[in-house]
Amino acid sequence: MTHERLGRMASVSDAGSDLDDEVSSMSSTTVSQANGSGSISNAPTVALTVPLTLPSSLTNLSGDLADHHGSPLNNFDGMVNSLGPPSPGTFKGNRSSSANSYDGDMEDMTPTKPKPCKTSYGNLSRSQSLMRSQSLTRSQSMDSMERNETPTKPRPSKHSYSDLTRSQSTDSEERDETEVLVFTEPPNRKLFCLLCKNVFKDPVITVCGHTYCRLCVTSSLFDKCPVDEMKLAVVVNNIAVSEQIGELYIHCKFGCRLAGTGLPGEFEVDPEGCPTTMRVNERREHESACGFAPVQCPNNPDCPKILKMNLDAHLETCNLCKCDHHKYGCHFVGTQEQVNEHLPNCRYEGIKEYLQTSEDRIRELGQTISQKDQEIGFLRSMLGKLSERVDRLEKSMELKINYLDENLTRMEKSVVEIDENQRGISEELIDHRHNYSMVNSELSMINARLNSGGGAYDPQQQYKCKGTFVGHQGPVWCLCVYGDYLFSGSSDKTIKVWDTCTSYTCQKTLEGHNGIVLAVCVQGNKLYSGSADCTIMVWNIDTLTHEKTLQAHENPVCTLVAANNMLFSGALKVIKVWDVHTHELKRELTGLNHWVRALVANGNHLFSGSYQTIKVWDLATLEIVHSLQTSGGSVYSIAITNHHIIAGTYENCIHVWDKNTYEQVETLTGHVGTVYALAVISAPGTTRVFSASYDRSLRVWNMENMICTQTLLRHQGSVACLATSRGRLFSGAVDSTVKVWQ
């Protein structure tokens, strides 16, 4: 493809025309000018040592042009064919001014005329061999930069004089052998490189237009052109000069010997050696078959080397000849005559065809294996490329996935924010609707009361929120009043002591429990607290200090009540009775079907609530005297009035029984959540019952006509506990506050 591209460039570029004109002018030079120049040799010599001014379009071409004829340099081939054997002075009449000055430089730098029969061309000396290895990388990189390609190992042109160099084959022995060139006649001085002072070896044209050995240009020993001081860089192979050198005649290297001067790399004709002369480009063909080539006896490596033409005679007398079947395992050794006599009797003679077939088959298998190895290597390279492509795709996909993940994360955050906003709006809407419903229900009950003549509506009897105690870090689950103190237990594992008389502030925080404080009660000057850590702690109210801890139950202590110098604690299916003075366990009340969530002492009886059951215990005997069955799930709260037993249940209902007959007289409805707590405030002529519910509301019930007279809505969470003192109502809720109603 490079050939065609350069051919097209030559046809459309002025460079081709310039070269054609220059070559045509050179071909028209008269023979008399050549004769007047003093020819050194009659051999055809076309040496492009004249500075060649190349157009800018060609100065950037790479050394790849050396292998093709489609470039403007093909004009040199035409020049060689049209001129015939030119004289050494062919180019003198057509040189530019720079060429004339170059002649003078060449006269000064050209070595003296070499002596016939001793003009030799070896390895360009050992240092020049070293130059090749040191400058290969530089040459490749410079050529590659010029043609914007990946650096590759330089390839010899098929027109270049490859025999002037070390062999390019992969055979290490052939690369290492010394190349000997002894010319039959001294070469034209224009075929000598100005850098190494030897006949051109793989000549190339540089950017300055001069011709030098490729090795000299690419080595680190020479950086600049000795003529115009320009930096050396290969442009293209000089095919014309390579072909001219290939036409020179040399002696066979087996007819040469080291010169008597003793200088390394200098040879002379050996009268006893091969007398053959040949062209340089025919050298390999002759030397491979030359009878003067020294060879090693194939029978014994200790035999001295002999000439190839004497090998057959040596083998006739050699007593170390091996049997023809030695490669199959025959160990017979003798003269050739003895081998011929042995051969008919050799045990391998009869199976030689089978052995030969096997050997051929093995060779075929080896070739197949080699082919498969090549295929495997190709597949491995393809796999490597595919792996690299997969890696690139993975990186690209990873970047895209990361970008998508970031966008998805942002979208998820936006969706969460929108959901939270919608949820907040929905909750507010539900609260408003619920409040509206309860207000309507309240108004309906008030209207019913007014219409039924049950009593006049007195605005002075309405309870209002007078304040809020704030300080707990978790829901408030229990309340208890003692004098001016209000004790509150919370999920933050503390009990706070509030002043309800003067400062209305927290007087102290009692700490010690390792679980939620679920129940508190007072007996004498002692405060008892039950917790989810299964313990009961005893506190001195006078000093507000801890006195004792009782390892009470195996399960959380849900409720506490004190009566008749006894402390009752309720847990799962059991009520334990403790002595309030010694704090010793007196008895366990069993027979309960579920958690005991409510305990109330009134008169001579203890009332306990569990799943759909209220049991009435005699405080003197601690025996069950009656059992009330209810519906609506577990009993969460119990309150006792002068005439009624009231219980709040899981399923939003409040059941009312007659205290004397134990008959259910009413079921109060209105709450839309579990009734967690009940409290009673009695006054002359009226009794009010307060209920606290999961629905965040408190309701006030008039027990004379069993209707709800008021709904209190101030808490932001479920109302879990109630306590009364001096006509005031205290409510604790999941919103971590305690509110005061009056």
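Quantities reported herein were computed from a predicted structural model and do not represent experimental measurements.
For the pair Val227/His210, a side-chain contact is recorded, criterion being any heavy-atom separation below 4.5 Å from C-beta on. Put simply, the side chain of Asn238 does not reach to within 4.5 Å of the side chain of Val204, judged on heavy atoms. A heavy-atom distance below 4.5 Å is found between the side chains of Glu359 and Tyr328. Using a 4.5 Å heavy-atom threshold, the side chains of Lys231 and Val207 count as separate. In this structure the side chain of Val234 reaches within 4.5 angstrom of the side chain of Thr218, judged on heavy atoms. At least one side-chain heavy atom of Leu343 sits under 4.5 Å from a side-chain heavy atom of His325. Within the 4.5 Å cutoff, no side-chain heavy atoms of Asn237 are placed close to those of Ile205. Taking 4.5 Å as the limit, some side-chain heavy atom of Thr211 sits within range of a side-chain heavy atom of Pro203.
The number of heavy atoms from other shown groups lying within 6.0 Å of CD (Glu353) does not exceed 12. More than 12 heavy atoms of other residues, nucleotides or ligands sit less than 6.0 Å from atom CE of Met230. Within 6.0 Å of atom CD in Glu375, more than 12 heavy atoms from other residues, nucleotides or ligands are found, so the atom counts as buried in its surroundings.
Taken to the nearest 0.5 Å, the CZ atom of Arg363 stands 11.5 Å off from the OG atom of Ser358. With values rounded to the nearest 0.5 angstrom, Ile250 atom CD1 is found 12.0 Å from Ile245 atom CD1. Interatomic distance, NZ of Lys197 versus SG of Cys216, reported as 9.0 Å (0.5 Å rounding). A distance of 10.0 Å separates CG of Leu181 from CG of Asn198, quoted to the nearest 0.5 Å. Taking CG of Leu232 as the reference point, atom OG1 of Thr206 lies at 6.0 Å (rounded to 0.5 Å). Here CZ of Phe183 is found 13.5 Å from OH of Tyr249. Values are rounded to the nearest 0.5 Å.
Scanning all heavy atoms of the two residues, the minimum distance from Tyr212 to Cys193 falls at CD2-SG, 3.9 Å. The two residues Asp223 and Ser220 come nearest to each other via the heavy atoms OD1-O, 3.8 Å. Of all non-hydrogen atoms in Phe200 and Phe192, the two that sit nearest each other are CZ-O, 3.6 Å. In terms of heavy atoms, Arg257 sits closest to Val269 at NE-O, 4.0 Å. Minimum interatomic distance between Cys297 and His314 (heavy atoms only, all atoms of both residues): SG-NE2, 3.2 Å. The two residues Cys213 and Val199 have their closest heavy-atom pair at SG-O, 4.3 Å.
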**Request:** Show your reasoning for whether side-chain contact (heavy atoms from CB on, under 4.5 Å) applies to Leu311 and Ile306.
**Result:** CA-CA 7 Å; Leu311 180 60; Ile306 56 179; 3.6 Å; yes
**Asked** Given Asp202 and Leu215, is the side-chain contact (heavy atoms from CB on, under 4.5 Å) satisfied, shown in steps?
**Response** CA-CA 8 Å; Asp202 191 7; Leu215 187 58; over 6 Å; no
**Request:** Apply side-chain contact (heavy atoms from CB on, under 4.5 Å) to Tyr348 and Leu355, showing your working.
**Result:** CA-CA 8 Å; Tyr348 295 100; Leu355 294 174; 3.9 Å; yes
**Asked** After noting the C-alpha distance and the side-chain angles of Glu268 and Val182, does the key distance pass the side-chain contact (heavy atoms from CB on, under 4.5 Å) rule?
**Response** CA-CA 7 Å; Glu268 63 183 6; Val182 177; over 6 Å; no
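Of the candidates Glu243, Glu247, Glu285, Glu247 is the only one forming a salt bridge (charged side-chain N to carboxylate O under 4.0 Å, His left out) with Arg279.
Salt-bridge formation is not detected for the pair Glu398/Lys395: no Lys NZ or Arg NE/NH1/NH2 atom is positioned less than 4.0 Å from an Asp or Glu carboxylate oxygen. We find that Lys352 and Glu349 are joined by a salt bridge, their nearest charged nitrogen and carboxylate oxygen being less than 4.0 Å apart.
For His286 (side chain) and Arg283 (main-chain N/O), no donor-acceptor pair under 3.5 Å exists by modelled atom type.
Between the side chains of Asp360 and Gln356, at least one donor N or O lies within less than 3.5 Å of an accepting N or O.
For Phe332, the ring-ring contact (aromatic ring centres under 6.0 Å, His included) partners at least two apart in sequence or on another chain are His342.
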